[in-house]
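For reference, the structure is listed below as structure tokens.
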Amino acid sequence: MKLMGKAKGNTLYLSLCCILILSFSRNCFGADTLTPGQSINDTQTLVSPGRKFELGFFSPSNSDFRYLGIWYKNIPVQTVVWVANRDNPLSNSSGFLTFNDDGKIVLFNGTGSVIWSPHSSRVARRPVAQLLDTGNFVLKDAKDVNAENYIWQSFDYPSDTLLSGMKLGWNRKTGLNRHLTSWKSLSDPSLGNYTYALDPHGLPQLILRRGSVKQFRTGPWYGTHFSGLPTLLANPVFQPKFVSDDNEVYYSFTSTDNIISRFVLSQSGLIQHFSWNGRRSSWNLMFTVQGDRCDNYGLCGTYGVCNISNSTIICECMKGFEPRSPKDWEMLDWSGGCVSKNQHVCRNGEGFVKFTGIKMPDASVSLVNVIDNVKDCKKKCLGNCSCLAYAKLDINGTGIGCVTWTRELIDAKEVADYGQDLFVRVAASELEADINVKQKEIAISVAISVFSAAIIMLLIFGFVIWMKRASTAEQPDNDVSVRRVEDQRNDLELSAYEFASLQVATNNFSVANKIGEGGFGSVYKGELQPGQEVAVKRLGQNSGQGLREFKNEVILISKLQHRNLVKLLGCCIQGEERMLIYEYMPNKSLDSFIFDEATRPLLNWQKRSDIIIGIARGLLYLHRDSRLRIIHRDLKASNILLDSELNPKISDFGMARMFGGDQTEAITKRIVGTYGYMPPEYAIDGHFSLKSDVFSFGVILLEMVSGKKNRGFLHSDHKLNLLGHAWKLCSEEKALELVDELLENEFPVSEVLRCIQVGLLCVQQRPEDRPTMATVLLMLDSESMLLPQAGRPGFYAERCLSETDSSSIGNLISNEMTVTLVEGR
């Protein structure tokens, strides 16, 4: 008792001494380091050498408690990345951080009680605490020649944030588990309900848990990425890293081009990646690791496969398996999973069914073997009655291995682009059935071939007629096609509008209600009921957009949901009438603003910048983030609609094309779109890809900066179009001469120059040289990212063509191609 009293007295004495010292001096410590005899109080901070991070006391929003934490120094929005005393807050501002007699960092409150102290078994002879530019707060021995031989570091004890260079995983020798734990709420950084950690068992994978219950997992690491998780692949923002050896197993990332980025585990259990947009002084949410409902752990139960592309029933049993409870399955409760149709195993004739494009089942109980011959993997699994499935594995990119599962398969998901092949053990009867099906398919194929050969002469006689029909721009419509559109409309649960009601809403499609017109027909403003204004797109009898485009637009846009895409409310198919009903955009289209000298002054630079970013985000959604991979093919200023707050919404999906699987490009003989926005490879050869839309976006961007149209651009000194003019000015370091004079020099020069350079990168001649939309957004948002030099734009000398005679395009386009020119409305 006497010893305890003495120790308590020493602690209190030390606390009082520090308080006295602090009352005489507020700067008794170095800028980034703290040594024995120094301390920081509630009004003082440590700042890293490069002034990137700051350590001190803070209070979360709507909280009076004080915490010791680390946040970004030069970011105006205080963003805390680490908290020391998460579960033991200070009730007032009397706390201070200092060293105790044992050379350990200690956080005291005003009464001398220890609030927090890092755990470490090592003792430093000359301890020094330092805040590094990485955001790591370290305790080290000043005499240690190894600069990174830390006694303790905050990177080993993360809060809810993973910074560049931090490790998420295990030290196999010490048992240290570095993992993220969510805050309890925005105002309470104490330990929340969610943890995000690396599970080292079996094949290592990252797992999100709510308490002890698994909520999500990445899948195992497959040499270059986690199985079925494209968001964590290498990208322009960061480079992932995964290490698994005798000492450690961990995941980390490194930010590229000095981009400030971080992963955060939110209070609701979302794993999100943010990057800092210095131009807008805000954090950009780049992506959420969990992509869709199929990422909910075990949604389809054992031996079930989740496929988000299915409309309602997203769970299916693996081949050779059936629902454990068919009644629950019918009620869309798939948690019971599936069971084998034949419960007997290890019988003659058994084998494996191959599943392709799969996010591998939970691998925490899998066994990993390094083998020389992949065929041995199948042989070994077949010879082990407890082996239920196997897969090939490229271990850390160094060699072929084999993964086997000895427990029920759970949490499998179809991911066509980023999945692997999985071989699942099934009974001989299932293999025989599969062989019979294949034999039938072969027999059918042979029969079709024979039949085709028999009628080939008839096809030759009809060849001339067929060619004549194929060369026309539009195929005749028929009742069967219309019925198919109606069936698909019903499947999509779109509202069906009667022609009579639309006739009343638009005042019998009066000229006074017409708000737009193009090759497809006319657009009318209507009011279906008080307060519900709509835009009615009515296809004309001689419309360049026929049944094919109409059906395309209905099917595609009804499945898309994004703030920068126009919303389709319904359609009307009645007799010869075909109409689409959209949300009404009071400010019409972008071209009516940007190319009109009366309205263009309303678009200051900030508003133009917001519109550019909005279009880019909508396009990125189409290319990458939607359930479909869509190429718009007719992106132009007249197809960008503006709502009441001038927010942009991409419209008119009649010419759009959907790509599936890993398809990235295609070719067509029917070219559709608008000259001035089409890239050369498409206008000349019919090649289109995601980079086609990037080219169109680049044209719009340069038009937004200059206030001039690309097609029809005239200059007294040369015959270049707007793209060539912009490239010429940049080559001569006169890029600011491109800027719209109506902006009256009221714009941030560096931001405008960056936009011009990004626009020129987008319109380069070669598609492979153009950036993706993900990179475009990053380049627009990041002031620190270095941009490459843009090459010569496509159609550099386009002004040699007649602007009034579209037939001159024949000089560039093969006579075999049909061109459908869709002019802006």
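Any value given below was found using the heavy atoms of this structure, including those in side chains, with hydrogens, waters and symmetry copies removed. Owing to the predicted nature of the structure, the values given are computational and were not obtained by experimental measurement.
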Exercise. Just checking, any donor-acceptor pair under 3.5 angstrom between side chains of E414 and N307?
Worked result: yes
For this session: Nearest 0.5 Å please: distance from the NZ atom of K319 over to the NZ atom of K354.
Result: 15.0 Å
Exercise. In chain order, what residues pass the side-chain contact (heavy atoms from CB on, under 4.5 Å) check against V213, with sequence neighbours excluded?
Worked result: Q215
Exercise. Does a donor on one side chain sit under 3.5 Å from an acceptor on the other, for R210 and S182?
Worked result: no
Exercise. Shortest non-hydrogen contact from P189 to V83?
Worked result: CB-CG2, 4.2 Å
Exercise. If every non-hydrogen atom of E408 is compared with every non-hydrogen atom of R324, which pair is closest and at what distance?
Worked result: OE2-NH2, 3.9 Å
Seminar exercise, completed: d(Y67 OH, N85 CG) to nearest 0.5 Å is 7.0 Å
For this session: Step through the shown structure and confirm whether more than 12 heavy atoms of other residues, nucleotides or ligands are within 6.0 Å of CZ on R563.
Result: no
For this session: Output all residues satisfying side chain to side chain donor-acceptor pair (under 3.5 Å) with S364, sequence neighbours left out; order by chain, then residue number.
Result: D362
Exercise. Take atom CG in D245; do more than 12 heavy atoms of anything else shown fall under 6.0 Å from it?
Worked result: yes
Exercise. Going by distance alone, is a donor N or O of one side chain under 3.5 Å from an acceptor N or O of the other, for T161 and W82?
Worked result: no
Problem set entry | Taking every non-hydrogen atom, the tightest pair across L198 and P204 | CD2-CB, 3.9 Å
Problem set entry | Rounded distance [0.5 Å steps], NE2 in H179 versus CG in D160 | 12.0 Å
Problem set entry | Side-chain donor-acceptor pair present, D328, S325, cut-off under 3.5 Å | yes
Exercise. V81 and S159: which non-hydrogen atoms are nearest, and at how many Å?
Worked result: O-CB, 4.2 Å
Exercise. Is the centre of the Y150 ring less than 6.0 Å from the centre of the F137 ring?
Worked result: no
For this session: Please round to the nearest 0.5 Å and tell me the distance separating atom CD of Q205 and atom NZ of K359.
Result: 8.5 Å
Problem set entry | Cation over ring face, K167 and Y250, 6.0 Å, 45° | yes
For this session: Compare every heavy atom of F253 with every heavy atom of S261, then report the nearest pair and how far apart it is.
Result: OG-CE1, 3.6 Å
Exercise. Any Lys/Arg nitrogen of D411 or R217 sitting under 4.0 Å from an Asp/Glu carboxylate oxygen of the other?
Worked result: yes
Exercise. Would D693 and R657 pass as an ion pair if we require N to O under 4.0 Å?
Worked result: no
Problem set entry | Donor + acceptor pair across side chains of N247, K173 (<3.5 Å) | yes
For this session: Could you please spell out the steps behind the side chain to side chain contact (heavy atoms under 4.5 Å, CB included) verdict for W183 and D188?
Result: CA-CA 6 Å; W183 285 25; D188 185 359; over 6 Å; no
Seminar exercise, completed: Tightest non-hydrogen contact, residues C338 and Y303, listed as O-CD1, 3.5 Å
Exercise. If you look only at pairs with a residue in residues 348-367, which of them pass as a ring-ring contact (aromatic ring centres under 6.0 Å, His included), with sequence neighbours excluded?
Worked result: F352-Y390
For this session: Determine whether the side chains of N136 and S154 contain a donor N or O and an acceptor N or O closer than 3.5 Å.
Result: yes
Problem set entry | Crowding at NZ, K214 (>12 non-hydrogen neighbours, <6.0 Å) | yes
For this session: Before accepting this row, confirm whether a basic side-chain N of the pair K392/D421 lies closer than 4.0 Å to the acidic partner's carboxylate O.
Result: no
For this session: Could you walk me through whether F238 and F263 pass ring-ring contact (aromatic ring centres under 6.0 Å, His included), step by step?
Result: CA-CA 11 Å; F238 67 88; F263 282 92; 5.5 Å; yes
Problem set entry | Value rounded to 0.5 Å, distance of CZ in R122 from CG in L139 | 9.0 Å
Problem set entry | Presence of salt bridge, K52 and D133, under 4.0 angstrom | no
Exercise. Taking atom types as modelled, is there a side-chain donor on N342 or S340 under 3.5 Å from an acceptor on the other?
Worked result: no
